[in-house]
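These numbers were taken from a predicted model, which means no experiment stands behind them.
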Amino acid sequence: MNADCIIKTNDLCKFYKGGAIKALNGVSAEINKGEVVVVIGPSGSGKSTFLRSLNLLELPTSGSIMFDGNEITDPKVNINIHRQKMGMVFQHFNLFPHMTILKNMTVAPMKLLKMSKEDAEAKAMQLLERVGLADRANTYPSQLSGGQKQRVAIVRALCMNPEVMLFDEPTSALDPEMVGEVLAVMKQLAEEGMTMVVVTHEMGFAKEVADRVIFMDEGVIVESGTPEQIFDNPQNDRTKLFLSKVL
Amino acid sequence: MEWFNNWINKLHETFIVGDRYMTLIEGFEKTLIITFGALIIGVIIGTIVAMIKVFAHNSPKSRILKVLDVIMNIYLTVIRGTPVVVQLLISFFIIFISAKDGTWVAMLTFGINSGAYVAETIRSGIMAIDPGQMEAGRSLGFSNIQTMWLIILPQAFKNILPAIGNEMIALLKETSVAGYVAVVDLTKAGNQIKNTTYDQINPILLVALVYLVMVMLFTWLIGLLERRLRKSER
Ligand SMILES: Nc1ncnc2c1ncn2[C@@H]1O[C@H](COP(=O)(O)OP(=O)(O)O)[C@@H](O)[C@H]1O
Ligand SMILES: [Mg+2]
């Protein structure tokens, strides 16, 4: 494992229904610090399962995951500690509807990092400022648009100072006119050097922002390379077929 | 008008003479104490049972949770499978034989009984919350229990508050059997006045009226609460 590697998966498998469904069928990948990796592939190819395995929201059937030098798939490991360092953004935002935006953002730093209320709120306000939502701090999630919710979800995860950010189709549930504002925040984050793993159908984002693109199909990584390699010169027929449909 | 004056005199004789209305007021207090105490105990027990059942459902591999789940199922089966009056008799005459005041025994018994019914309400309230909420909590680094406590339960309770209100109404009426274990609750107080005054009608009708008014009041309050909650959702 090279020094820059922050996540390394080794032969990850995730089976359902006693092996009848192989959502992941031997996935080995490395993600380096500061790298933006975009995962593409047809629906049902295992992209979400792969991403959700990285912070053990899905427990792999076999295989191992190293994160920051620790084997988090070891059952003795307290995964809660490691999850603090892996922010996750979901397709459906999953903001806490009974808490204000500010509370959504401060509850975890206060309870888990033992940050003081003042510090946690100052940090949250600073982040809200950056995504242009400081004036919504004291409203509830139900009062926000989809794009605003997703921007809050991103900064909520950032409040924990994560080392990696995982995104599972962050713009798929949005009205088309709101996709741009969320991608802009993600792009800014990438430019600041955040390590990101992004599952998305936004090929424009992948071309522009990704350092590396992984194409998955039927639970395996079919092909991986720079955006130029994958989009302009794909080697595998399945990659070509997929790209011919989405581009 | 003649009968009306007679009736007023009768009421005076039954309730005012010897300050017998005080028995009713004390009985009414007991009924309220037992009802609210039992409700609180029931909600606490119900929450614990519901959490155990949900955790056991979510992590089928955990041995400890499986054992706890079986124990909870035994509790639910036994409590729901026997009449509350019988449970009251068992509590008072078999388990807490040394208890002089039946009030605490009654409160505890009704609470344990109520918990078995509230548990199912709370469990379905928890299951109705989007699984994404648990995932979001866990992804931030909260443990299972922290996420349940900070994120899931507050939302679940908001949804089931009206059902808890209905449980309170049910308890208010159910506690009328507390007289079986030497508790002078509202019903028993009415019965005592009936026996001392030989007025077979008014004490019992008055007791019925008090229950009715209380139930109507609670129902109105729950309706108010429901409308409030619905408004805050927008
Ligand atoms: N909980 C589950 N039970 C059974 N099958 C599942 C479950 N979750 C995912 N799958 C299956 O695993 C495969 C990969 O799913 P997923 O990772 O969500 O794909 P993607 O995100 O690429 O669309 C699909 O065939 C899906 O039906
Ligand atoms: Mg998916």
Interatomic distance, CD@Gln84(A) vs CZ@Phe142(B), rounded to 0.5 Å, equals 9.0 Å
A quick test of your reading: do over 12 heavy atoms of other residues, nucleotides or ligands sit less than 6.0 Å from CD1 of Ile145(B)?
no
Side chain of Gln133(B), backbone of Leu95(A): donor and acceptor closer than 3.5 Å?
yes
Kindly compute the distance separating CD1 (Ile81(A)) from OG (Ser143(B)), expressed to the nearest 0.5 Å.
10.5 Å
Determine the option with the most heavy-atom pairs under 4.5 angstrom with chain B, choosing from Lys111(A), Met88(A), His98(A).
His98(A)
Chain B contacts, top residue of Val107(A), Leu166(A), Val89(A) (heavy-atom pairs, under 4.5 Å)
Val107(A)
Inter-residue atom distance Phe96(A).CZ - Leu140(B).CG, 0.5 Å rounding:
5.0 Å
Between Gln155(B), Gln146(B), Met134(B), the one whose heavy-atom pairs under 4.5 Å with chain A are most numerous
Gln155(B)
Toward chain B, the part of Arg52(A) with a non-hydrogen atom under 4.5 Å
side chain
With no hydrogens and no angle check, just 3.5 Å: does a side-chain donor-acceptor pair link Arg138(B) and Asn55(A)?
no
Straight-line distance of Ser139(B) OG to Met86(A) CE, nearest 0.5 Å:
10.5 Å
More than 12 heavy atoms from other groups under 6.0 Å of CD1 on Ile64(B):
no
Is it true that, when you exclude Tyr180(B) itself, more than 12 heavy atoms of the residues, nucleotides or ligands shown sit nearer than 6.0 Å to its OH?
no
